[in-house]
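For reference, the structure is listed below as structure tokens.
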Amino acid sequence: MWTADEIARLCYEHYQTRLPKQGKPEPNREWTLLAAVVKIQPAIDQACGGANKPVQVTKEVVSMGTGTKCIGQSKMRKSGDILNDSHAEVIARRSFQRYLLHQLHLAAALKENSIFVPGTQRGLWKLRQGILFVFFSSHTPCGDASIIPMLEFEDQPCCPVSRRWASKPSEEASGNPETPEDEKNYEDLGSPVTKKMRLEPGIPDGVAHCQSLDNQESGPVPPTVSSSDVPTQELATVTGRAPSGAKVVDVYRTGAKCVPGEAGDSGKPGAAYHQVGLLRVKPGRGDRTRSMSCSDKLARWNVLGCQGALLMHLLEEPLYLSAVVIGRCPYSQEAMRRALTGRCQNVSALPKGFGVQEVTIQQSGLLFEQSRGAVQAKRADSPGRLVPCGAAISWSAVPEQPLDVTANGFPQGTTRKAIRCLQARSQISKVELFRSFQKLLSSISEDKWPDSLRAQKLETYHEYKEAASTYQEAWSALRKQAFGSWIRNPPDYHQFK
């Protein structure tokens, strides 16, 4: 039907040919991360094939995102016009929601080329039979999925979590944002983990897109101490590619920090540095973020669907990913399974249609040419340090303005003076996706609206989200049973109309 390499190749070609130069990394100086959603659909002439003929499908990229950044909590806005999280996976998913809105527009207009067909209940739609969606990421998601064994011949490409976070996670996450600069997220520079060195060509692509890389002159030294706390045989098996007898000396580290209420990392040297299975928040540049790690968000989507609360008003059942494909990078099948499905495997009593999905997880052998590892290998002795690209690119398979390039949460080039203008909104910001949703509703006669939208008069973004009762019921069950420490933004950040 499809292979991991076919999915990766399709996404890389789309990035090269369909995305303009704007927003892409500066050659030999910057790197970025890539994610996308690929639609898999049976070929039109499939019925003509024989019983033993392989299933023929068409593969199409319907959304794509690049990016490595998050904004700090002090820069969040109650108007919904800024992107809080611009990691590639999140940009790709929001771009996918934009694609779904367009497809619902087509369905409401009774266009035959929509991916949706009428459901069994008034005002609801369902996915056309045979269509699947595969999520691609050029790298392992930050957070829990990135905590994987490192063998003695491998370098440590990721930033270590600070000792302050390991010992006092709740104080760091919820304390005074005006923490003195010298008390912020710094490691003991005498530690063997944090002594600095010049990056060597060929270091593997960073597992976690650790934003604090921006602040470093160079990458951290790989730890050289082994841990007796974790069985070598067990961890070596996790990688699936360890030569016989290879020694596990550490784990790849994620810059994502444990949220308040979680047990916290031990900070011990070697493979016991991180606790696995915990909820984590993405790091910021001095200013803490409220953005959950990509591992956590993918796990949530695997239970609640990728459509979000708003679109659940119009769908008969959640829209799930059938597979997740990761590009060439440090990788552990066990860690991916643990992070995306294992933590939620015992969640039960969900509303009809919701459930923990047995998503297929595969890795491609193809490397993204603008990943950190690929750029590092090419630049050799080029002067200057390698830094993450500051821009994020959103692309959706929609007819109007498919491309959206942002920096610091706003369209690239936005001045401070222009921030409140309509032009200073990303197409995938909360307020713009909400506006598109309202435009869709206005194109449908009210007597054809679903019951969830007819029962009461709704005005704000918050009210519309809360009125999606089955989605909210599922989200509540997931929090109670698995993700109780999930960081949620206060309701006043969702009161815009």
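Computed from a predicted structure; not experimentally measured.
Between S364 and R328, the closest side-chain pair of non-hydrogen atoms is not below 4.5 Å. At a threshold of 4.5 Å between non-hydrogen side-chain atoms, the residues S291 and C70 count as touching. A heavy-atom distance below 4.5 Å is found between the side chains of L33 and W31. The shortest distance between side-chain heavy atoms of H139 and E89 falls below 4.5 Å. Looking at H102 and S436, their side chains never come closer than 4.5 Å, going by heavy atoms from C-beta outward. Within the 4.5 Å cutoff, no side-chain heavy atoms of M76 are placed close to those of I82. Side-chain contact between L433 and L310 is absent, with no heavy-atom pair separated by less than 4.5 Å. No side-chain heavy atom of E13 sits less than 4.5 Å from a side-chain heavy atom of V61.
Between the side chains of R290 and N84, no donor N or O sits under 3.5 Å from an acceptor N or O. Inspection of the Q307 and H313 side chains reveals no N or O donor paired with an N or O acceptor under 3.5 Å.
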_Does E334 form a salt bridge (Lys or Arg N to Asp or Glu O under 4.0 Å) with R337? I'd like the steps, not just the answer._
CA-CA 5 Å; E334 181 181 330; R337 181 66 61 190; over 6 Å; no
*Could you walk me through whether Y12 and F136 pass the ring pair (Phe, Tyr, Trp, His ring centres under 6.0 Å) test, one step at a time?*
CA-CA 10 Å; Y12 296 158; F136 174 77; 5.5 Å; yes
_Full working for ring pair (Phe, Tyr, Trp, His ring centres under 6.0 Å) between F368 and Y15_ = CA-CA 10 Å; F368 178 44; Y15 174 84; 5.1 Å; yes
*Go through the steps for D144 and T254 under the test side chain to side chain contact (heavy atoms under 4.5 Å, CB included), then give the verdict.*
CA-CA 8 Å; D144 196 52; T254 176; over 6 Å; no
*Evaluate the criterion side chain to side chain contact (heavy atoms under 4.5 Å, CB included) for residue pair L478 and C344; output intermediate values, then yes/no.*
CA-CA 8 Å; L478 178 58; C344 302; 3.9 Å; yes
*Hey, mind stepping through I71 and L83 against side chain to side chain contact (heavy atoms under 4.5 Å, CB included) and telling me if it holds?*
CA-CA 8 Å; I71 65 166; L83 296 177; over 6 Å; no
_Candidate pair Q16 and E369, rule side chain to side chain contact (heavy atoms under 4.5 Å, CB included), full reasoning_ = CA-CA 10 Å; Q16 292 167 355; E369 66 176 8; 3.5 Å; yes
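Counting only distance, with no hydrogens or angles, the side chain of E463 and the backbone of T460 share a donor-acceptor pair below 3.5 Å. Side chain of Q103 to main chain of F116: no donor-acceptor pair is present (N/O by atom type, distance under 3.5 Å, no hydrogens or angles). The backbone N or O of Q357 lies less than 3.5 Å from a partner atom in the side chain of N302, making a donor-acceptor pair. The closest donor-acceptor contact from the side chain of R122 to the backbone of D451 lies at 3.5 Å or more, if one exists at all. Side-chain atoms of Q41 do not come within 3.5 Å of backbone N or O of K59 as any donor-acceptor pair. Using modelled atom types, no side-chain atom of T289 and backbone atom of V281 make a donor-acceptor pair closer than 3.5 Å. Of the possible donor and acceptor atoms, none in the side chain of S476 sits under 3.5 Å from a partner among the backbone N and O of E473. A donor-acceptor distance shorter than 3.5 angstrom exists from the side chain of T414 to the backbone of P411, with no hydrogens or angles considered. In this structure, the side chain of S63 engages the main chain of A92 through a donor-acceptor pair within 3.5 Å. When atom types are taken as modelled, the side chain of S429 and the backbone of D81 share no donor-acceptor pair closer than 3.5 angstrom.
Nearest heavy atom pair, residue Q363 against residue A4, reads O-CB, 3.6 Å. Of all heavy-atom pairs between S452 and A467, the closest is CB-O, 4.0 Å. Annotation for L441 and L453: closest pair CD2-CD1, 3.5 Å, computed over non-hydrogen atoms. The shortest heavy-atom contact between C306 and R93 is O-NE, 3.1 Å. Considering all non-hydrogen atoms of both residues, C329 and T140 come closest at SG-OG1, 3.3 Å. In plain terms, the two heavy atoms of I148 and P330 that are nearest each other are CD1-C, 3.4 Å.
Within the cation-pi definition used here (under 6.0 Å to the ring centroid, within 45° of the axis), K465 does not qualify as a partner of F434. Both cation-pi conditions hold for K78 and Y493: the charged atom is under 6.0 angstrom from the six-membered ring centre and inside a 45 degree cone around its axis.
Annotation: the span from D85 atom CG to M292 atom CE amounts to 11.0 Å, rounded to 0.5 Å. Rounding to the nearest 0.5 Å gives a distance of 11.0 Å between OG of S322 and CD1 of I131. To the nearest 0.5 Å, the span separating CZ on R280 from OG on S295 amounts to 9.0 Å. Note that OG of S95 and CD1 of I393 are 10.5 Å apart. Values are rounded to the nearest 0.5 Å. Taking CD of Q427 as the reference point, atom CZ of R94 lies at 12.0 Å (rounded to 0.5 Å). Between the CD atom of Q73 and the CG atom of D287 there is a distance of 6.0 Å, given to the nearest 0.5 Å.
Screening V347, V259, L279 for a side chain to side chain contact (heavy atoms under 4.5 Å, CB included) involving F483 leaves a single residue, L279.
Surrounding CZ of R128 are more than 12 heavy atoms belonging to other residues, nucleotides or ligands, all under 6.0 Å away. Counted within 6.0 Å of CG on N408, heavy atoms from surrounding residues, nucleotides or ligands total 12 or fewer; the atom is thus considered open.
Salt-bridge annotation for E432 and R435: present, with a side-chain N of the basic residue lying under 4.0 Å from a carboxylate O of the acidic one.
Taking the six-membered ring where tryptophan is involved, the planes of F496 and H494 are perpendicular, since the angle between them exceeds 60° and thus also 30°.
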